[in-house]
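For ligands, and for the atoms within them, numbers begin at 1 and follow the listed sequence. For clarity, every value in this text was computed on a predicted model and none was experimentally measured.
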Amino acid sequence: MAPCARMKKISTLPPFSKGQPQPATVASRPVNRCDQLGAHPFSDTQDGLFRAYLSDAYAATCKQVATWMGEAGMTCHTDAAGNLIGRYEGEKPGAPALLIGSHLDTVRNAGRYDGTLGVMLGIEVVAHFAARGERLPFALEVIGFGDEEGSRFSASMLTSRAVAGTLDALPLSAVDANGATLHDVLVHNGLDPARYLEAAYKPQQVLAYLEAHIEQGPVLEAANMSVGVVTAIAAQYRFRVSIQGVAGHAGTMPMSLRQDALAAAAEAILAIERLGAAGPEDLVATVGQLHVGPGASNVVPGETTFSLDIRAGTADVRDRAATAICAALKDIAKKRNVTLSIEPQNDLAATPCDPQLTDLLATSVTHVTGQPARRLVSGAGHDAMVMAALTPVCMLFLRCKKGISHNPAEAVRHDDVHTALQVMLEFIHALAASTASKPTEFSA
Ligand code: GLV
Ligand code: MN
Ligand code: MN
């Protein structure tokens with residue numbers, strides 16, 4: 001891509017002034033919309049936000065977001081995987097698209113901005129161009145992905161994998177917390193399981209992918225910066241670990257004869273924490289889910305299942321940690337005379353963002369903020385890491401309060417959201433200028 005040549009006439013946002021009422025389109029609207037989507041009927045739970053893939057709350061959310069997409073000037077549809085997609089045509093109808101996306105599903109007891117804010121910012125970007133009747137040499141598509149978090153089934157990023165064309169087969173017999181299979185959930189939502197993979201884009205339909213997301217960490221706040229540019233996304237593994245012991249009477253089974261699956265899991269979890277902490281700083285290992293069977297106060301636990309999430313900046317560090325953790329778990333199982341199974345769920349390679357797009361985004365940050373862009377690696381997973389298999393990707397991070405995320409206390413500043421929007425517009429203008437000088441890049 002050619003270095004950023006500025007367009008003749010660039011549409012920008014009015015300056016943000018603290019304490020003043022803001023025009024709805026500037027910064028307050030995307031934040032307010034995230035807040036609106038943080039409660040009933042857009043949440044599956046009354047206490048705290050939880051929006052699972054293809055749940056009733058997800059359907060209500062897609063309906064509401066589709067209305068906002070339409071008001072912003074997009075035509076929208078739900079794809080074969082249940083993603084919500086809005087399109088704003090470029091100068092020539094049918095041109096390849098700059099995709100601007102993030103996810104609409106959430107973790108349990110979530111914050112309101114993880115994923116959702118990126119989708120709302122995409123809508124705001126299109127609203128900006130549409131309000132001015134400004135067309136670009138490429139189309140803009142805003143994608144609200146349905147399953148980034150693994151919010152319903154244990155595999156995550158099903159929907160971006162479908163769009164990127166990297167999903168070979170669907171885990172149709174995977175079950176949710178209520179025992180419903182993915183197959184049945186799709187059918188219930190009017191989606192044809194046999195056509196799911198048709199959500200895939202052809203590479204020639206797409207120019208690039210941009211994702212704006214809260215940082216979910218404390219780096220930008222510590223550096224007193226509104227936004228930052230992601231250089232790469234950490235490698236991830238997810239496993240499901242099961243330990244089978246022997247259930248017994250809590251009053252009669254002597255301590256020396258027990259095969260307690262929960263005590264074994266407890267020792268395993270502490271080993272995971274120790275081995276995670278023993279590696280380099282970018283290595284993290286987490287057990288976030290634990291099920292105990294049969295789960296009665298007077299029964300020695302006979303079985304446990306827990307999740308294991310391992311991440312690092314490079315596959316090498318992650319893989320060495322995974323090998324050490326698996327060996328430690330096997331030793332614990334042997335010593336305690338219980339049966340262990342470790343089932344891989346997800347293997348996501350470390351994903352470098354596209355260097356040229358990232359430079360263009362960094363230049364846009366500098367134009368808007370007057371400061372060199374802070375570059376950082378994302379420890380959190382994002383749809384961008386999957387979309388990188390389809391098209392060059394880049395990511396803009398927004399500061400979030402105290403770095404807190406996956407927590408209802410997630411918070412963003414309106415002036416940071418305003419800055420992010422300005423950066424996205426600047427980036428799109430620069431991309432338009434650089435691609436306009438290379439029309440052959442766009443032939444479908
Ligand atoms: C998604 O938020 C993840 O990083 O697991
Ligand atoms: Mn998340
Ligand atoms: Mn997210």
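In this structure, the protein non-hydrogen atom closest to atom 5 (O) of ligand 1 is R311 NH2, 2.6 Å. What sits closest to atom 1 (C) of ligand 1 on the protein, heavy atoms only, is E149 OE1, 3.2 Å.
Considering backbone and side-chain N/O of D114, none are found under 3.5 Å from N/O of ligand 1. Considering backbone and side-chain atoms alike, G381 places an N or O below 3.5 Å from some N or O of ligand 1. At a 3.5 angstrom cut-off on N or O pairs, D309 does not count as close to ligand 1.
Aromatic pair H382/F397: centroids less than 6.0 angstrom apart. F129 and H429 have their aromatic ring centers within a separation under 6.0 angstrom.
More than 12 heavy atoms of other residues, nucleotides or ligands shown are found within 6.0 angstrom of CG on N109. By the 6.0 Å contact criterion, NE2 on H77 is enclosed, its count of non-hydrogen atoms from other residues, nucleotides or ligands being greater than 12. For Q36, the CD atom counts as densely surrounded, since its 6.0 Å shell holds more than 12 non-hydrogen atoms of other residues, nucleotides or ligands. Other residues, nucleotides and ligands contribute at most 12 non-hydrogen atoms within 6.0 Å of the CG atom of D47.
Assignment of R238 to the shell around ligand 1 is supported, since a heavy atom sits closer than 4.0 Å. Not close to ligand 1: H382, with no non-hydrogen atom less than 4.0 angstrom away.
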### Query
Going through the distances and angles, do R399 and E215 end up as a salt bridge (charged side-chain N to carboxylate O under 4.0 Å, His left out)?
CA-CA 6 Å; R399 159 168 56 186; E215 181 201 339; over 6 Å; no

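Close approach of ligand 1 to A380 is summarised as follows: ligand atoms under 4.0 Å from at least one heavy atom of the residue are 4 (O).
Between A212 and L398, the shortest heavy-atom distance links the atoms CB-CD1, 4.3 Å.
Coordination check, H213 versus the Mn ion (ligand 3): passed, since an N/O/S atom of the residue sits under 2.8 Å. The Mn ion (ligand 2) does not have H103 among its coordinating residues (no N/O/S atom, backbone or side chain, under 2.8 Å). Not one N/O/S atom of E148, from backbone or side chain, sits under 2.8 Å from the Mn ion (ligand 2).
Nearest N, O or S atom of E149 to the Mn ion (ligand 2): atom OE2. Restricting D114 to its N, O or S atoms, the one at the least distance from the Mn ion (ligand 2) is OD2.
Contacts between H213 and ligand 1, counted as non-hydrogen atom pairs separated by less than 4.0 Å, are absent for every part of the residue.
Note: L49 CG to D44 CG = 9.0 Å, rounded to the nearest 0.5 Å.
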